[in-house]
Amino acid sequence: GLNKGAVDQARELLHTAVALEPNYAPALATLANAYGFRSIATTDPTDVARAIEFADRAIDGDSRNSEAYTWKGYALMRQSRFEEAAVAYRRATDLDPAHAPAPYFAGSSLLFVGRIADALPLLQRAVDLDSRLGMPWLGLGAAHLSLGQSAGSAIQLRARTHARRRADSV
């Protein structure tokens with residue numbers, strides 16, 4: 001199974017890949033992801049700084065790498081730099097409109113700064129892109145509640161709409 005040792009080993013392999021090819025954007029973006037998520041467990045601000053560093057390097061190597069912008073945004077969000085994070089997520093979404101995590105994280109960033117009306121369509125977009133992800137649904141419900149709407153009714157309506165869209169596409 002996946003354990004801390006396996007994750008640490010995978011991160012070291014990514015470092016090895018980057019040592020061999022310093023501008024390899026996919027490995028750099030994945031390192032940004034790894035350090036961003038590692039910061040949850042360690043709460044070490046150095047991990048977040050490293051995530052931003054790797055994301056920036058990935059962007060320098062390939063400015064069209066949407067994953068790099070997603071994980072840069074995630075690290076900026078971990079630093080409570082929500083407006084900057086939202087900009088990075090919007091860029092990720094522009095580059096890969098089918099990538100559900102980017103609009104989810106963008107919407108979350110905007111929720112944190114009270115821009116609820118701006119967050120709502122992003123969170124809805126994330127749900128529309130991948131209804132199996134739970135966190136976009138949670139963010140969508142929080143946004144509706146913050147706007148004084150009945151979250152239950154709004155989410156049920158959106159779920160029915162989504163189910164109908166899926167049925168129509170089959």
Side-chain angles (χ1 to χ4, degrees), residues 1-2 7 10 25-26 28-43 47-48 51-52 54-56 58-59 62-170:
L2 186 63
V7 171
L28 291 163
T30 304
L31 278 168
N33 176 343
Y35 279 99
F37 280 155
R38 178 180 156 150
S39 72
I40 297 168
T42 66
T43 66
D47 286 334
V48 178
I52 292 171
F54 284 117
D56 284 340
I59 292 165
D62 179 4
S63 64
R64 299 202 43 80
N65 186 305
S66 66
E67 293 285 329
Y69 287 98
T70 297
W71 300 118
K72 179 175 184 169
Y74 182 80
L76 290 167
M77 195 165 65
R78 297 278 300 150
Q79 290 181 329
S80 299
R81 295 164 60 187
F82 302 115
E83 294 285 348
E84 292 172 78
V87 170
Y89 294 134
R90 278 193 293 273
R91 180 67 178 137
T93 300
D94 289 346
L95 291 169
D96 184 359
H99 184 62
Y104 159 67
F105 285 131
S108 297
S109 292
L110 294 173
L111 282 179
F112 289 132
V113 294
R115 292 179 50 197
I116 299 152
D118 294 331
L120 195 61
L122 292 165
L123 295 165
Q124 181 61 55
R125 175 80 178 136
V127 167
D128 289 344
L129 287 170
D130 192 347
S131 64
R132 298 166 299 167
L133 298 175
M135 293 306 290
W137 285 104
L138 181 64
L140 186 60
H144 281 292
L145 280 173
S146 296
L147 292 172
Q149 300 170 352
S150 168
S153 296
I155 288 174
Q156 287 175 4
L157 175 63
R158 302 237 188 242
R160 283 194 299 271
T161 301
H162 181 73
R164 189 173 47 247
R165 283 186 199 147
R166 289 184 68 139
D168 290 345
S169 68
V170 175

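Note that this is a predicted model, so its numbers are computed, not measured.
- Separating the CG atom in Asn33 from the OH atom in Tyr74 is a distance of 9.0 Å, to the nearest 0.5 Å.
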Begin from the C-alpha positions of Arg64 and Asp62 and carry the test salt bridge (charged side-chain N to carboxylate O under 4.0 Å, His left out) through to its verdict.
CA-CA 5 Å; Arg64 299 202 43 80; Asp62 179 4; over 6 Å; no
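- The minimum heavy-atom distance between Phe105 and Met77, with the atom names listed, is CD2-CE, 3.7 Å.
- Leu138 has its side chain within reach of Met135: a pair of non-hydrogen atoms, C-beta onward, lies under 4.5 Å apart.
- Shortest non-hydrogen contact noted between Pro136 and Ala126 is CB-CB, 3.8 Å.
- Side chain of Arg125 to main chain of Ala102: no donor-acceptor pair is present (N/O by atom type, distance under 3.5 Å, no hydrogens or angles).
- Between Ile116 and Leu110, every side-chain heavy-atom pair lies at or beyond the 4.5 Å cut-off.
- His99 is not listed as a side-chain neighbour of Leu129, based on a closest heavy-atom distance of 4.5 Å or more.
- Asp56 pairs by the salt bridge (Lys or Arg N to Asp or Glu O under 4.0 Å) definition with Lys72, not counting sequence neighbours.
- Using a 4.5 Å heavy-atom threshold, the side chains of Tyr69 and Ser63 count as touching.
- Atom-to-atom distance recorded for Ser66:OG and Tyr89:OH is 13.0 Å, nearest 0.5 angstrom.
- In this structure the side chain of Trp71 reaches within 4.5 angstrom of the side chain of Phe37, judged on heavy atoms.
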Step by step, would you call Leu120 with His144 a side-chain contact (heavy atoms from CB on, under 4.5 Å)?
CA-CA 8 Å; Leu120 195 61; His144 281 292; 3.7 Å; yes
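- Partners of Asp94 according to the salt bridge (Lys or Arg N to Asp or Glu O under 4.0 Å) rule, which considers only residues two or more places apart in sequence or in another chain, do not exist here.
- The two residues Ala100 and Asp130 make their nearest non-hydrogen contact at CB-CB, 3.9 Å.
- In plain terms, the two heavy atoms of Tyr104 and Leu123 that are nearest each other are O-CD2, 3.7 Å.
- Within the 4.5 Å cutoff, the side chain of Arg91 has no heavy atoms near those of the Ile59 side chain.
- Across all their heavy atoms, Val48 and Ala75 have their closest contact at CG1-O, 3.2 Å.
- Between the side chain of Arg78 and the backbone N or O of Ser39, at least one donor-acceptor pair lies under 3.5 Å.
- Rounding to the nearest 0.5 angstrom, the gap separating the CD1 atom in Ile52 from the OH atom in Tyr35 is 14.0 Å.
- Heavy atoms only, all atoms of each residue included: Ala32 and Ala55 are closest at CB-N, 3.6 Å.
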Kindly indicate, with the supporting measurements, whether the criterion side-chain contact (heavy atoms from CB on, under 4.5 Å) is fulfilled by Thr30 and Glu67.
CA-CA 8 Å; Thr30 304; Glu67 293 285 329; over 6 Å; no
